[in-house]
Each structure stands twice: as C-alpha cells, then as structure tokens.
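FYI, the numbering just counts along the sequence from 1. Please read all numbers here as calculations on a predicted model, not as lab measurements.
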Amino acid sequence: GVSCGDVGGYAVDGQTVDGLAVCAFTPPPTSSTPPPTSIITSPPIPVSTPNPPTPMPTAFGIAVYIPETNVSAEAKIDLDQEKMEASLDAGDFGVAKDVYTSGASPNSNSVSSVGRSYSALSEKRSLQSFATGVKADGSPEMSGEKFFDMYRSFWNSATYADGFVLSALDKTGMFADASDADEGDKLARAEIANKGTQYQNMWMYIIHELENAVGDCRAGRMSVAGVDKAWAFWSGSLVDSADSSQIGVQMYALAEKRAKNFGTTSTGGLAAVNVNMT
C-alpha cells in the first residue's frame, strides 16, 4: 500500500506548511492467533505463450525505463501536450482547442485531423480521445474499471475529464462568466485546460493501461504491453534522463517538481514515484 513516507509532507523553501506535515501512522496490532495448519491454494493459472513483442529501436529508452515493446509512438502524445501548453501560454485558446481535439501538426502552428501525437499503425488519437473513448458496444472505454467508475459516479458523467477541459477552453460551465479582458480569468482557464488534460485525461488512462496489464496477467497472458504504454504516457518522449532539466510535460514532470516540496526524492535524486514506476 501507500505509506506516509510515500506521500511526504508539503514544504516551501524548506519550511513545512501548517497542516501539511508528514502523516503519522500507527499500524494495527498483529494477531496472536496462529495461522491455520494447512492452506488451500488455487491451482496455478495456465500461462499462454504470447506473440513475440515488437522490439524497441536500438538503444531506445523512455526516461529511466526501458520498455520491451515498441511504444515510441505512444510516448509522443506529449508533443501535443507541449503544443497545447504553448498555445495556452500565448492566450490562443482556439489553437489550444484544435490541438486538444485533433492533434498538432509537426511542422507548423496549424492542426491536422490525424495529429502527430499518438500515431500507432492502427490508430491515431488526440488528447481529447483519452477521455472520450468508447468500446465497440458504445459504452465508455474504461467502464468496469474501479477508479474510472469511482470518478464517473462522483462527477455523474463518463466524460467528466473532457468536460472539465472544454469548459475552460470554450468559456462554458464554471467559466461561462469569464472575461477575455481579465488576465486572471484567462490564466485560470489556461491552467485548468492544461492541467486537466495532463492530470485527469492522461492520468486515468495510465491507470487503464495498468488495469489491462493486470487483466492480461490474471488471464495467463504474459504481456508487458500495458505496462509499457502506461510508462510511455506517464513520461512522454521529451524526458532526457541524462539532463535533469529536461523533465517533459507529463506526470513524470509533476513528480520531479513536487518531490522536492514533499520530500519524496529518491537517494539517486529522482522522484521516488518515478523510480518506483520502473
């Protein structure tokens, strides 16, 4: 499980913020009841022989993780995130929305219906699609998964993350009264749109890929594709493990930024969660 040390406490300039110190946890007392003399275990799950994974290009790695399958296309989703963030910083919500819904063109400020981000051979996806995908039967792509169902129930919407981002981009919902002349309103919309895409759309989809990996394992399919994709979306393609200043724009970057505040940096200098993800 997650420990108090994993979470840490929030500090600014070395000073712990009131009320946000490291939590204190007292483990429950251990039982004095001896274990049973015999334990009935279920038979082992039959293991199927997987298809050989598509190898990564020579010497290709993603941050500090070396995937076994080729997820270089998936990692490039961060190029759309980078373009969207730059558009929002410039106050251009129209371009930011085009990038969000359709993907960014690799060579210009225009957008392309096929995007440049998730360009796997069989599918091309925009940042928006990670929050709006559906199964063949029309049900939400992640329905039946614990965390997605929890969030969908709380927000009463299967596309809650997409709605959160679009409200900021389109000045609807909570931003219906926002003014284009108010710099504070524009900054708030930009922050919500950018961070909503990073930490709602993509974060839930990372969990989805890990759920897929667990499902494969339980079914006896020894495939690492789901874990590889999860890391590709977690770090993106912009991280340079040889340059600590190049941390990208995905969850990997957030972990590196906040590890210093929460005191959760590993002994090697990286955020502990980024090390543990590997």
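In plain terms, the two heavy atoms of A161 and N201 that are nearest each other are CB-OD1, 3.2 Å. Scanning both residues, A259 and A271, for their nearest heavy atoms gives CB-CB, 3.7 Å. Residue P140 comes nearest to A158 through the heavy atom pair CG-CB, 3.6 Å, listed as atom of the first residue, atom of the second, then distance. For L88 against A193, the heavy-atom pair with the smallest separation is CD1-CB, 4.0 Å. In this structure, S235 and V239 approach most closely via the heavy-atom pair O-CG2, 3.4 Å. Nearest approach of E209 to G226, heavy atoms of both residues: CB-O, 3.5 Å.
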Step by step, work out the side-chain contact (heavy atoms from CB on, under 4.5 Å) result for L166 and T172.
-> CA-CA 8 Å; L166 288 179; T172 58; 5.6 Å; no
Going through the distances and angles, do S139 and V134 end up as a side-chain contact (heavy atoms from CB on, under 4.5 Å)?
-> CA-CA 5 Å; S139 62; V134 295; over 6 Å; no
Assess whether side-chain contact (heavy atoms from CB on, under 4.5 Å) is satisfied between F130 and I206, documenting all intermediate values.
-> CA-CA 10 Å; F130 288 91; I206 289 166; over 6 Å; no
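Hydrophobic clustering, with ILVMFWY side chains joined whenever heavy atoms are under 4.5 angstrom apart, groups F147 together with V227. By the criterion of side-chain heavy atoms lying less than 4.5 angstrom apart, applied directly or through intervening Ile, Leu, Val, Met, Phe, Trp or Tyr residues, F175 is not grouped with M84; the two fall into different hydrophobic clusters. The cluster map of Ile, Leu, Val, Met, Phe, Trp and Tyr, joined by side-chain heavy atoms under 4.5 Å apart, puts M251 and I192 in different clusters. When the side chains of ILVMFWY residues are joined at heavy-atom separations under 4.5 Å, either directly or via intervening members, V95 and L187 end up in two distinct hydrophobic clusters.
A 6.0 Å sphere centred on OH of Y199 holds more than 12 heavy atoms belonging to other residues, nucleotides or ligands.
For the 3.5 Å distance criterion, the side chains of Q250 and D78 fail to qualify, holding no donor opposite an acceptor. Side chain to side chain, Y65 and D228 meet the donor-acceptor criterion of an N or O pair below 3.5 Å. Under 3.5 Å, the side chains of D185 and S179 contain no donor-acceptor pair of N or O atoms.
For the salt bridge (Lys or Arg N to Asp or Glu O under 4.0 Å) condition, the pairs that include at least one residue of residues 131-147, sequence neighbours left out, are R125-E141.
Put simply, the side chain of S102 never gets that close to the backbone of V99: no donor and acceptor are under 3.5 Å apart. Put simply, the side chain of S126 gets close to the backbone of T101: a donor and an acceptor are under 3.5 Å apart.
Relative orientation of the W155 and F164 rings is tilted, given thresholds of 30° and 60° on the angle between their planes.
In the hydrophobic clustering (ILVMFWY side chains linked at under 4.5 Å, chained through shared members), V214 stands by itself.
S153 pairs by the side-chain hydrogen bond (donor to acceptor under 3.5 Å, both in side chains) definition with nothing, not counting sequence neighbours. With sequence neighbours left out, the side-chain hydrogen bond (donor to acceptor under 3.5 Å, both in side chains) criterion links N274 to W234, E256. Among residues two or more places apart in sequence or in another chain, the ring-ring contact (aromatic ring centres under 6.0 Å, His included) test is passed with Y151 by Y160, W203. Residues satisfying the side-chain hydrogen bond (donor to acceptor under 3.5 Å, both in side chains) test with Q198, not counting sequence neighbours, are N194.
Here L127 contributes atom CG and K83 contributes atom NZ; the two are 13.0 Å apart, rounded to the nearest 0.5 Å. Rounding to the nearest 0.5 Å places CZ of R221 at 4.5 Å from CG of D216. Atom-to-atom distance recorded for M204:CE and R152:CZ is 11.0 Å, nearest 0.5 angstrom. Between the CG atom of L238 and the CD atom of Q81 there is a distance of 10.5 Å, given to the nearest 0.5 Å. With rounding to the nearest 0.5 angstrom, the CD1 atom of I77 is 10.0 Å from the OG1 atom of T197. A distance of 9.5 Å separates OG1 of T264 from NZ of K260, quoted to the nearest 0.5 Å.
Of the options D92, D170, D182, D180, a salt bridge (Lys or Arg N to Asp or Glu O under 4.0 Å) to R189 is made by D180 and by none of the others.
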